[in-house]
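Worksheet: one structure, shown below.
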Number of protein chains: 2
Amino acid sequence: MTKTPRFEPVQPIRAYQRIVEQVEDQLARGELTPGQRLPSERELVSQFAVSRSTVREALRVLESNGVVRSRAGDPNGPEVLPFSQVALRRQLVRLARVDELTLSELIGFRMIMDGAAIQVASRLRTPEQLDELEATLVAMRDAIDVDFDAFSLADLAFHELIARISRNTLIQTCNEVVRGVVLGLISDKIAHAPNSRALMLESLHHHAEVVDAIRDGNGHAAARIARQNMYDYYAGYVPDADQETLQALIED
Amino acid sequence: MTKTPRFEPVQPIRAYQRIVEQVEDQLARGELTPGQRLPSERELVSQFAVSRSTVREALRVLESNGVVRSRAGDPNGPEVLPFSQVALRRQLVRLARVDELTLSELIGFRMIMDGAAIQVASRLRTPEQLDELEATLVAMRDAIDVDFDAFSLADLAFHELIARISRNTLIQTCNEVVRGVVLGLISDKIAHAPNSRALMLESLHHHAEVVDAIRDGNGHAAARIARQNMYDYYAGYVPDADQETLQALIED
DNA sequence: AAGAATTTGTACGTATGTATT
DNA sequence: GAATACATACGTACAAATTCT
């Protein structure tokens with residue numbers, strides 16, 4: 001059996017796109033690292049053998065993706081930035097704004113990710129890290145008397161610590177990004193809820209239960225409590241139909 | 001106590017950035033919907049009262065984010081594209097490629113995500129979806145006799161179906177992206193392994209066990225088997241030190 | 001079916017404000 | 001403070017591509 005040659009339709013690749021690819025490839029390959037500088041626009045013009053406009057279009061794309069930053073008049077050229085979550089977050093927010101991504105999906109994702117991180121953390125945690133966890137609980141308690149933003153910050157520190165203990169930066173980043181997007185969508189409602197203080201106290205209580213389970217090395221229970229906590233905290237903000245799906249995530 | 005006025009440092013907002021914002025706002029507000037056309041570049045020049053280069057920089061950014069597509073010579077102007085997760089996916093790939101992620105972290109992430117998706121799927125699956133799952137098993141079996149690429153494709157279909165059943169597109173996207181990055185790193189080694197066929201057969205067997213557990217509604221067991229399967233499949237490619245961490249992910 | 005009209009893709013030149021030395 | 005090199009933005013020009021007549 002001989003193969004019949006099959007061809008794909010070809011769409012032209014723009015000049016600016018080629019430039020973006022080259023820069024991103026060098027970044028992925030480690031030949032270009034954060035802090036380094038790209039050649040100046042004029043230098044890039046001659047290296048890529050294209051016009052200034054083309055170079056600038058490529059730089060704008062890289063810039064809007066958080067890869068580099070150009071500053072007018074800087075003789076050192078565009079700076080290569082360290083990876084940041086802003087671009088990732090922007091895309092998630094974009095999808096959430098146009099309803100391509102529902103709040104329930106975001107919360108479901110967090111229930112799973114945070115639960116998993118806690119389960120792993122309860123295996124891997126050292127005694128020192130357990131102390132750290134308990135310190136964050138104290139910080140959360142203190143923050144309640146300040147305001148919701150302070151509490152939210154303390155809560156963030158808790159989840160960052162969990163993710164760190166689980167020794168997986170990918171989980172860590174995903175958690176933080178999604179957490180930020182969810183909070184951006186509904187933090188106002190929570191902050192101005194009449195029972196805001198009661199909500200914070202209950203959340204603190206749940207966090208303490210999680211730490212207890214981690215101390216006992218009972219990852220299974222810890223994860224379950226964490227998912228339940230998150231459900232209780234957020235379920236009021238999602239449509240009834242989606243609540244069932246989220247409930248399915250709690251059980252095991 | 002009177003408040004001392006405090007000011008934040010101001011960073012200039014580029015002209016192209018303003019244009020991007022206006023377009024994305026109209027999109028989020030529904031005043032601009034997929035399929036519609038933007039005015040031509042020259043029209044935009046007069047509407048935004050900026051130069052053509054500036055308009056083009058904005059269009060390139062929107063284009064690279066999957067928001068619009070310009071085609072040379074199209075008198076209708078740039079097309080507004082349907083919402084998609086390609087931009088989100090691109091950022092995730094960047095994260096996974098650039099941010100010095102180890103293979104073990106990627107695999108650990110997959111063990112958690114895929115396990116969670118399977119656990120949820122075993123609760124939410126309909127009888128029809130169960131049939132679909134069994135059909136993918138048959139497809140995987142057939143693919144083994146072709147080559148590793150075919151098997152990999154059938155495996156992808158399996159995991160896509162799982163993610164779809166779990167009704168969370170975010171999990172789906174993350175799974176696919178990370179799976180793609182992992183395969184990009186080591187698919188060569190697997191394809192050319194001397195026991196390649198044996199590996200595929202074993203993987204198929206594990207997948208069948210997962211489907212069995214899903215049929216019984218035993219999400220817990222299904223997830224465990226899935227994580228074990230992935231560990232067995234990939235563990236040989238990570239350093240010994242990291243293998244312990246990954247093993248911690250299997251148990252519960 | 002072929003050419004005209006319009007639009008995008010790319011290039012180049014210039015003026016102006018800015019950051020560094 | 002001055003000199004220099006730079007990015008920002010504007011405008012023009014022409015080639016390539018697409019649509020419509």
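This is a predicted model, so every value here is computed, not measured. Chain letters run A, B, ... following the sequence lines, proteins first and then strands; every chain starts at 1.
Nucleic acid contact for A/R60: sugar-phosphate only, since backbone atoms but no base atoms lie under 4.0 Å from a heavy atom of the residue. Across all strands, A/E41 comes closer than 4.0 Å to base atoms (heavy-atom distances).
The base of D/dC10 lies outside donor-acceptor range of the side chain of B/T54, with no N or O pair under 3.5 Å.
Rounded to the nearest 0.5 Å, atoms CD1 (B/I162) and CD1 (B/I118) are 5.0 Å apart. One finds the CG atom of B/L44 at 5.5 Å from the CG atom of B/L38 (value rounded to the nearest 0.5 Å).
The nearest whole Å value for the distance from the CZ atom in B/F48 to the P atom in D/dA9 is 14 Å. Rounded to an integer number of Å, the gap from B/R69 CZ to C/dG9 P is 12 Å. Note: OH (A/Y16) to C1' (C/dG9) measures 11 Å, nearest angstrom. Whole-Å rounding puts the B/R14 CZ to D/dC6 P distance at 17 Å. Put simply, CD on A/E43 is 13 Å from C1' on D/dC6, counting in whole angstrom units. Rounded to an integer number of Å, the gap from A/L44 CG to C/dT10 P is 16 Å. The interatomic distance linking A/I13 (CD1) with C/dT10 (P) rounds to 12 Å, in whole Å. Rounding to whole angstrom units, CG of residue A/L38 and P of D/dC6 are separated by 14 Å.
Between B/E63 and B/R60 there is a salt bridge, since at least one side-chain N of the basic residue sits less than 4.0 Å from a carboxylate O of the acidic one. We find that A/R179 and A/D114 are not joined by a salt bridge, their nearest charged nitrogen and carboxylate oxygen being 4.0 Å or further apart.
At C/dT10, none of the side-chain N or O atoms of A/S51 fall inside 4.0 Å of OP1 or OP2 (strictly under the cut-off).
The side chain of B/S53 approaches D/dC10 more closely than any other nucleotide in the set D/dA9, C/dG9, D/dC10. Considering only the side chain of A/S70, D/dT8 comes nearest among D/dT8, C/dT7, C/dT10.
Side-chain N/O atoms of A/R94 and A/Q91 include a donor and acceptor closer than 3.5 Å.
Between the side chain of B/Q17 and the main chain of B/R14, no donor-acceptor pair closer than 3.5 Å is present. At least one donor-acceptor pair closer than 3.5 Å links the side chain of A/T173 to the backbone N or O of A/T169.
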Subject >> Heavy-atom protein contacts under 4.0 Å, nucleotides 14-20 of chain C, coded B base, S sugar-phosphate only, - none >> reply: ----BBS
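Remark: D/dA9 base-pairs with C/dT14; criterion is Watson-Crick or G-U wobble with both hydrogen-bond distances under 3.5 Å.
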